[in-house]
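Quick notes on the structure that follows.
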Amino acid sequence: MIEVRNLTKEFVKYEKEKGLKGLVKGFFNAKKVVKKAVDNISFTINEGEMVGYIGANGAGKSTTIKMLTGILTPTSGEVRIDGIIPYQNRVENAKKIGVVFGQRTQLWWDLPLSESFLILKEIYEMPDAFYEEQMSFFNRILNLDEFIKSPVRTLSLGQRMRADIAASLLHNPKVLYLDEPTIGLDVNAKQRMRDAIKMMNQKYNTTVILTTHDLDDIAELCNRILIIDNGKVIYDGSLHEIKEKYGTTKRIEFEVRDELNDESLNLASVFNVHPDELEITREDKKLSIVFPKLKISVAQMTEEILRRFDVQDISIFDADIERIVARIYDEGKVTL
Ligand SMILES: Nc1ncnc2c1ncn2[C@@H]1O[C@H](COP(=O)(O)OP(=O)(O)O)[C@@H](O)[C@H]1O
Ligand SMILES: [Mg+2]
């Protein structure tokens, strides 16, 4: 569905010399600086896949999405979306895709929301029956009826995002691009967004590419992630693999009744590890310990804590994906 081959985007900047000399010389002596925002990226995404496109700020995520959606033309390389080259066939491409940018809306600000949907119906030349079917589907999963008569500018961010995702999916696009779709939303609103994306994917086998800083989005929606760093793809694989390979810590949360005596909790020396390898936090009754699972087993750690505290409850977690991704950034490259 999505084919990206040797995709590169360079931005050229002209940096003027500083100070008076720079002012006098002006533009003519400005130094040309080339920035490779996207650097020779290749990947293929099959129909129905939901892929997380993640990386630090400035890594090149949005620039990639802009080339995939046809907003930007590559410096070199090629993109094909369902056989179409998006930046050469914008109109045809637009019928096949839906786009949500978390920070911007595609809705008409001053019109009641219902009017925006009617305009989109006309733009996409949707038959009445199909439009009705889609609207009732989105109503069911996103409760648009609660605010469908209100002007878009009066909606809360969560409501507006629900409206935006419905608008981007109204014409049943084959590919959905989401650039930070849950940014700024509260927990409930985030969950609604994720549910809508999941249900759309199940119903229509929609292909989804998602950039996000919220790794819960990724964990819930994507079984494949591409990690981009400095314009290059440094990881392409499943979340499961990445957890196996890089998830070298476990976290156990104990609910303890006794007041904790910090000095008694000298776990680093008990287990003969460096104190930096342990992360111990205590909040009221909750004692949380992150530890290297290859050096200390869950059983050993649990036994040690049980000997010291009156423990009422225990929960065991795998390494947070945040931690894993942070490690990948630290190491700079990934070899699997
Ligand atoms: N229009 C532009 N002109 C010049 N540089 C740009 C432009 N857009 C992005 N960049 C640069 O390209 C790099 C990648 O940006 P972007 O794709 O927005 O990253 P991300 O979305 O991963 O945060 C950054 O260094 C950014 O400053
Ligand atoms: Mg971005």
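Note that ligands are numbered from 1 as they come in the structure, with each ligand's atoms numbered from 1 the same way.
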Q: Take Lys250 and Phe317 through the side chain to side chain contact (heavy atoms under 4.5 Å, CB included) test and state the conclusion after the steps.
A: CA-CA 6 Å; Lys250 282 256 182 198; Phe317 303 91; over 6 Å; no
Looking at [X] and [Y], does any basic side-chain N land under 4.0 Å from a carboxylate oxygen?
{"X": "Lys203", "Y": "Glu133", "answer": "yes"}
{"X": "Lys95", "Y": "Glu125", "answer": "no"}
{"X": "Asp179", "Y": "Lys61", "answer": "no"}
{"X": "Glu304", "Y": "Arg307", "answer": "yes"}

In terms of residue, atom name and distance, what is the protein heavy atom nearest to [atom]?
{"atom": "atom 18 (O) of ligand 1", "answer": "Ser62 CB, 3.7 Å"}
{"atom": "atom 9 (C) of ligand 1", "answer": "Phe11 CE1, 3.5 Å"}
{"atom": "atom 19 (O) of ligand 1", "answer": "Gly60 N, 3.2 Å"}

(Q) Tell me whether Ala56 reaches ligand 1 (any heavy atom closer than 4.0 angstrom to a ligand atom). (A)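 Contact check Ala56 vs ligand 1: positive.
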Q.
Under 4.0 Å, counting heavy atoms only: does Gly58 come that close to any atom of ligand 1?
A.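 Judged by the 4.0 Å heavy-atom criterion, Gly58 does count as contacting ligand 1.
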(Q) For a distance under 2.8 Å, tell me if Ser62 has an N/O/S atom near the Mg ion (ligand 2). (A)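 Under 2.8 Å: Ser62 contacts the Mg ion (ligand 2) through an N, O or S atom.
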Within the 4.0 Å heavy-atom shell around [X], which atoms of ligand 1 are there?
{"X": "Ala37", "result": "12 (O), 13 (C), 14 (C)"}
{"X": "Asn57", "result": "23 (O)"}
{"X": "Lys35", "result": "25 (O)"}

Q: Report yes if Lys61 has an N/O atom closer than 3.5 Å to an N/O atom of ligand 1; otherwise report no.
A: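 Yes, at least one N or O pair falls under 3.5 Å.
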Q.
Quick check: Thr64 and ligand 1, any N/O pair under 3.5 Å apart?
A.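 No, since none of the N or O atoms of Thr64 sits under 3.5 Å from an N or O of ligand 1.
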Q: Going by the side chain to side chain contact (heavy atoms under 4.5 Å, CB included) test, name the single residue among Leu68, Leu226, Thr44 that passes it with Val4.
A: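 For Val4, the side chain to side chain contact (heavy atoms under 4.5 Å, CB included) check succeeds only for Leu68.
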Q: With atom 17 (O) of ligand 1 as the reference point, say which of Val33, Ile228, Thr63 has the nearest heavy atom.
A: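 Comparing heavy atoms across Val33, Ile228, Thr63, the nearest one to atom 17 (O) of ligand 1 lies in Thr63.
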Q.
Just checking Glu303: does its CD atom have more than 12 heavy atoms from other residues, nucleotides or ligands closer to it than 6.0 angstrom?
A.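 No - once you tally the heavy atoms of other residues, nucleotides and ligands closer than 6.0 Å, there are 12 at most.
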Q) For Ile2 and Tyr177, which heavy atoms make the closest approach, and how far apart are they? A)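 For Ile2 versus Tyr177, the nearest heavy atoms are CD1-OH, 4.4 Å.
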Q. Would a 4.0 Å cut-off, counted as strictly less than, catch a protein heavy atom around atom 24 (C) of ligand 1?
A.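 There is a protein heavy atom less than 4.0 Å from atom 24 (C) of ligand 1.
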Q.
I'd like to check atom 15 (O) of ligand 1 in this structure: does the protein have a heavy atom lying under 4.0 Å from it?
A.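 So far as the 4.0 Å threshold goes, atom 15 (O) of ligand 1 is in reach of a protein heavy atom.
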(Q) Using a 6.0 Å distance limit plus a 45 degree cone around the ring axis, check whether Lys35 lies over the aromatic ring of Phe11. (A)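 No; the conditions do not both hold, so Lys35 does not lie above the ring face of Phe11.
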